[in-house]
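Per chain, numbering begins at 1; letters A, B, ... match sequence-line order.
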Amino acid sequence: MMPLDSIAVATISFLIGNVSGFFISKMISKNVKGFDQDQRINYLIIVVSLMWVASLIVDILSPQYETSPLVHGIMGAIVGFFFWKPKQQ
Amino acid sequence: MNMEVIKRHFAQERILYAMVGALIFLVVGWGVPDIYFKYFDKTNYVFVNQPVHVNQETFNRGDEIAVTLIRTSLIDTRGYVIVQLHLVNDNNSETKYPLADNEIAIAKSDHEVFYQKYLLPTHTPTGKLIPFGTYHLEAIISYDYRGLPKSYAWKSVSFSIAEKITE
């Protein structure tokens with residue numbers, strides 16, 4: 001894939017992910033009671049972890065695909081960052 | 001922005017959690033596929049439909065033999081092929097004679113047809129005439145996948161090397 005094509009696909013995927021996440025979050029907030037900040041963070045952690053597991057599986061199953069170490073690191077950093085909860089004062 | 005909010009969100013502990021998370025995901029993300037491919041992966045990424053067919057049933061010493069290879073490759077890679085001529089002896093043991101070896105470029109493909117020609121030897125490496133009898137070709141394709149050596153062997157149908165009577 002040409003670099004420009006890769007950038008275009010990555011940008012479009014990012015935007016689709018952003019917009020989908022925004023609308024899904026709104027929908028869940030409306031229909032689920034008590035969907036607060038903490039719940040959102042927990043769902044974010046679960047989604048990112050599931051995406052990471054999926055990338056591992058595709059890494060093994062597809063001969064052409066190899067997940068970049070940077071992607072592993074970023075996903076782990078996101079999970080770790082949001083896993084920490086500030087102490088209640 | 002409120003400094004307290006920033007301090008709260010980027011507490012040292014939180015940064016530490018992020019770094020530990022990154023490290024764990026990195027190690028597991030690199031380690032799991034690496035262990036799988038090293039110890040469990042038995043996939044042939046390059047393979048050939050077998051048995052491999054040759055163009056004639058009987059050849060003379062020094063004749064050209066043409067093999068038809070129908071090759072599938074799941075990856076783009078470079079490989080090394082070693083082809084040997086196997087004589088099947090009366091007691092079912094085999095005597096091997098080198099035929100050809102060369103480096104090849106392997107492109108991702110699905111049932112790609114190749115015609116490969118080899119020159120049958122007239123003499124053994126020790127200088128004697130190649131004996132008449134039943135032969136077949138065997139080849140090993142060696143290549144790398146994710147830094148790990150892999151190989152695939154193919155075998156041709158049997159054919160004879162005999163004195164051909166030309167009409």
Fill in: Any pair counted as side-chain hydrogen bond (donor to acceptor under 3.5 Å, both in side chains), so long as it reaches residues 70-81 of chain A, sequence neighbours left out
A:W52-A:H72
Worksheet item: chain A: which of B:F37, B:W30, B:Y17 shares the most heavy-atom pairs with it under 4.5 Å?
Response: B:Y17
Worksheet entry | Centroid separation B:F59 to B:F159 less than 6.0 Å | yes
Worksheet item: Between B:H53 and B:V157, what is the shortest heavy-atom contact and its length?
Response: ND1-CG1, 3.9 Å
Response to the item:
Contact list (residues 132-154 of chain B to chain A, heavy-atom gap under 4.5 Å, by number) returns B:Y145, B:R146
Worksheet item: Taking the side chain as C-beta and beyond, is there a heavy-atom pair between A:F22 and A:N18 under 4.5 Å?
Response: no
Worksheet item: Under a single-linkage rule joining Ile, Leu, Val, Met, Phe, Trp and Tyr whose side-chain heavy atoms are separated by less than 4.5 Å, which residues share a cluster with B:Y80?
Response: B:I82
Worksheet item: Should the heavy atoms of other residues, nucleotides or ligands under 6.0 Å from CZ of A:F83 be counted, would the total exceed 12?
Response: no
Worksheet item: In terms of heavy-atom contacts, does OH of B:Y45 have more than 12 from other residues, nucleotides or ligands at under 6.0 Å?
Response: yes
Worksheet item: Mind checking whether A:V79 and A:L44 have side chains closer than 4.5 Å, heavy atoms only?
Response: no
Worksheet entry | Proximity breakdown for A:S68 and chain B, heavy-atom pairs closer than 4.5 Å | neither
Worksheet, complete the sentence: Among residues 99-124 of chain B, those lying within the under-4.5 Å heavy-atom range of chain A are B:K108
Worksheet item: What part of B:V28 gets closer than 4.5 Å to chain A, counting heavy atoms only: side chain, backbone, both or neither?
Response: both
Discussion item. Looking at every heavy atom in both B:I130 and B:I161, which two are closest together, and how far apart are they?
Written reply: CG2-CD1, 4.3 Å
Worksheet item: Under the 3.5 angstrom rule, does the side chain of B:Q50 hit a backbone N or O of B:V52 as a donor-acceptor pair?
Response: no
Item to complete: Identify whether NZ of Lys or CZ of Arg in B:R71 sits under 6.0 Å from the centre of the six-membered ring of B:F47 and within 45° of that ring's axis.
Response: no
